[in-house]
Protein chains: 2
Amino acid sequence: MIHKLIDYIELYTALSVAEKEDLKELVEIRQFEKHAVIFREGQISTDIYFVLEGCVRLFYDVDGTDKTAFFYTEGQFICAGESYTFSKPAAENYEVLENSTLCIFSKKTIEKLMQRSIAFENIARIAVENELLTAQRIIASFVTQSAEERYTDLLKNQGELFLRVPQHYIATFLGVSPETLSRIKQRVTRR
Amino acid sequence: MIHKLIDYIELYTALSVAEKEDLKELVEIRQFEKHAVIFREGQISTDIYFVLEGCVRLFYDVDGTDKTAFFYTEGQFICAGESYTFSKPAAENYEVLENSTLCIFSKKTIEKLMQRSIAFENIARIAVENELLTAQRIIASFVTQSAEERYTDLLKNQGELFLRVPQHYIATFLGVSPETLSRIKQRVTRR
DNA sequence: GTGATTTCTTGACGATCGTCAAGGAGATGT
DNA sequence: ACATCTCCTTGACGATCGTCAAGAAATCAC
């Protein structure tokens with residue numbers, strides 16, 4: 001299963017035999033069942049996750065209602081940034097939406113990997129940069145587009161999400177209520 | 001003037017004498033007048049900027065209307081990420097809102113700095129990570145808060161912005177039209 | 001397969017929003 | 001000081017949105 005992680009990494013950087021061995025030795029792989037919460041608000045995050053198979057959502061609990069802010073699928077790193085970097089309680093939750101297989105990188109594992117090879121530092125840097133680009137695209141979409149435009153763009157660019165994920169989660173990701181997304185769909189398909 | 005850059009950097013990492021000399025030698029400092037556009041959409045970005053004094057906004061031109069997505073003030077790095085990393089035309093513009101003093105790091109300068117000391121790599125990493133945290137906070141605010149809540153939070157956390165920046169720019173940053181921000185202000189102060 | 005649970009849709013209604021337009025206030029330049 | 005320009009406010013109106021509630025559809029568990 002770890003070979004999948006290696007495959008994803010080698011999309012960016014080739015790894016030496018020793019580096020691959022390091023990963024096999026240090027990285028934990030764990031299965032999560034649908035609906036499992038891998039990380040809950042209030043906890044202090046000491047791990048970074050990587051999605052090998054499946055799908056995870058980031059959500060906030062706002063006065064008892066559920067607001068999902070992001071979906072992570074195969075090939076993406078998951079990190080509760082604020083909590084991880086400052087060792088303070090997280091404000092967000094992460095829930096597995098399908099039976100999923102994740103890599104778990106503990107802080108110690110990451111330290112060891114960084115020490116053993118600069119390749120792992122580069123990978124970390126690229127991962128963070130990619131996340132930043134994604135985040136900035138999302139902000140741009142909130143500032144420059146209507147909810148309807150965000151919906152049609154998501155359909156075009158990540159249409160698979162609609163097949164994998166309940167729509168009311170996608171609704172809040174787009175910044176609207178589930179009822180509104182239902183009506184936007186109706187409005188759009190009627191054209 | 002370069003000492004200001006050094007002061008900001010040393011909030012995170014102490015610099016050796018040699019490293020400070022590297023910065024003095026390689027980093028360009030330039031003055032920009034209010035309303036100057038330091039970078040326009042369609043251009044390919046080869047520089048990273050750092051705000052020593054003043055204020056810059058990132059904005060998109062959407063069908064002729066202006067949507068500002070972010071404000072950069074003293075101590076922040078400015079980088080047109082997509083354009084810089086993939087050498088493709090940028091979709092966004094950067095405009096100076098006050099007479100400002102910026103550092104300019106060309107790609108070559110950055111390469112040289114990275115070669116000369118690992119400290120500069122660490123600084124780059126921390127800067128990117130900070131930007132990511134900020135971006136994720138903004139996304140969370142769009143997903144979990146109303147426009148009015150985003151307004152009151154901005155007032156509490158970055159109230160100086162309202163003294164430095166025209167309100168119609170802040171409006172689109174909050175995701176609403178200038179008229180709506182005006183009415184939100186009225187609504188809020190009436191309580 | 002049947003019942004239970006979850007998810008999606010639809011209706012109604014009040015709140016909020018964007019847009020167009022006009023007017024006023026403040027800053028700027030000469 | 002005056003005219004100009006930019007920015008902010010206010011009004012009106014139609015569009016969109018959130019919420020509450022009910023019902024339909026799909027999914028899940030046994």
Side-chain angles (χ1 to χ4, degrees), chain A residues 33-37 55 57 59-68 71 95-99 141-155 159 161-191, chain B residues 33-37 55 57 59-68 71 95-99 141-155 159 161-191:
Chain A
E33 290 203 348
K34 187 171 176 170
H35 296 134
V37 175
C55 183
R57 73 182 179 110
F59 72 99
Y60 297 89
D61 183 325
V62 185
D63 307 325
T65 58
D66 202 82
K67 308 276 188 180
T68 110
F71 298 100
E95 180 195 350
V96 172
L97 296 176
E98 306 166 350
N99 295 337
S141 78
F142 276 112
V143 169
T144 65
Q145 296 184 307
S146 66
E148 186 174 315
E149 287 169 328
R150 287 197 296 280
Y151 164 73
T152 51
D153 274 22
L154 186 67
L155 205 56
L161 261 191
F162 288 86
L163 303 174
R164 301 179 71 169
V165 163
Q167 282 173 20
H168 66 285
Y169 294 154
I170 294 178
T172 57
F173 174 58
L174 292 171
V176 297
S177 69
E179 295 91 335
T180 294
L181 177 56
S182 181
R183 293 190 173 96
I184 288 175
K185 274 178 59 181
Q186 190 189 19
R187 214 158 60 203
V188 169
T189 51
R190 192 182 306 177
R191 293 177 195 161
Chain B
E33 289 203 349
K34 187 171 177 173
H35 297 133
V37 174
C55 183
R57 74 181 178 110
F59 74 98
Y60 297 89
D61 182 326
V62 185
D63 305 326
T65 58
D66 202 84
K67 307 277 189 179
T68 111
F71 297 101
E95 179 195 349
V96 172
L97 296 176
E98 306 166 349
N99 294 337
S141 77
F142 276 112
V143 170
T144 66
Q145 297 185 308
S146 66
E148 186 175 316
E149 287 169 329
R150 286 197 297 279
Y151 165 74
T152 50
D153 275 21
L154 186 66
L155 204 57
L161 261 192
F162 288 86
L163 303 174
R164 301 179 72 169
V165 164
Q167 280 174 21
H168 65 286
Y169 294 154
I170 295 178
T172 56
F173 175 58
L174 292 171
V176 297
S177 69
E179 295 92 335
T180 294
L181 178 56
S182 181
R183 293 192 172 94
I184 288 175
K185 275 179 57 182
Q186 191 189 19
R187 215 159 61 203
V188 168
T189 52
R190 191 181 305 178
R191 292 176 196 160

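Sequence lines set the chain letters: A, B, ... in the order given, protein chains first and strands last, and positions in each chain run from 1.
Using a 4.5 Å cut-off on side-chain heavy atoms (C-beta onward), B:Val165 and B:Cys55 make contact.
Within the 4.0 Å cut-off from OP1 or OP2 of D:dT9, not a single side-chain nitrogen or oxygen of B:Arg187 is found.
The backbone N or O of A:Asp61 lies less than 3.5 Å from no partner atom in the side chain of A:Asp66, so there is not a single donor-acceptor pair. Side-chain N or O atoms of A:Thr172 include one that pairs as donor or acceptor with a backbone N or O of A:Thr68 at under 3.5 Å. Side chain of B:Thr152 to main chain of B:Glu148: a donor-acceptor pair is present (N/O by atom type, distance under 3.5 Å, no hydrogens or angles).
Taking atom CD of A:Glu148 as the reference point, atom C1' of C:dC17 lies 15 Å away to the nearest angstrom. Distance CD (B:Glu98) to P (D:dT6): 19 Å, rounded to an integer number of Å. In this structure, B:Leu163 places its CG atom 12 Å from P of D:dC8, rounding to the nearest Å. When rounded to the nearest whole Å, the span between NE2 of B:His168 and P of C:dC20 equals 16 Å. To the nearest angstrom, P of D:dC7 lies 16 Å from CZ of B:Phe162. Atom CD in B:Glu95 sits roughly 12 Å away from atom P in D:dT6 (whole-Å rounding). Straight-line distance from the CZ atom of B:Phe142 to the C1' atom of D:dC17: 16 Å, rounded to whole Å.
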For this session: Could you walk me through whether A:Tyr169 and A:Phe59 pass side-chain contact (heavy atoms from CB on, under 4.5 Å), step by step?
Result: CA-CA 9 Å; A:Tyr169 294 154; A:Phe59 72 99; over 6 Å; no

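Listed by chain and residue number, nothing satisfies the salt bridge (Lys or Arg N to Asp or Glu O under 4.0 Å) test with A:Arg150 (two or more places apart in sequence, or in another chain).
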Exercise. Which letter, B, S or -, goes with each nucleotide of nucleotides 9-14 of chain C from 5' to 3', with contact meaning a protein heavy atom under 4.0 Å?
Worked result: BBBB--

Problem set entry | Protein proximity profile, nucleotides 23-30 of chain C - base contact B, sugar-phosphate-only contact S, no contact -, cut-off 4.0 Å on heavy atoms | --------

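With values rounded to the nearest 0.5 angstrom, A:Leu174 atom CG is found 12.0 Å from A:Glu149 atom CD. In this structure, A:Tyr151 OH and A:Arg187 CZ are separated by 11.0 Å, a value rounded to the nearest 0.5 Å.
With A:Phe142 as the partner, the ring pair (Phe, Tyr, Trp, His ring centres under 6.0 Å) test is satisfied by one option alone out of B:Phe173, B:Phe142, B:Tyr60: B:Phe142.
Of the candidates C:dC17, D:dT19, D:dC8, C:dC17 carries the atom nearest the B:Ile184 side chain, counting heavy atoms from C-beta on.
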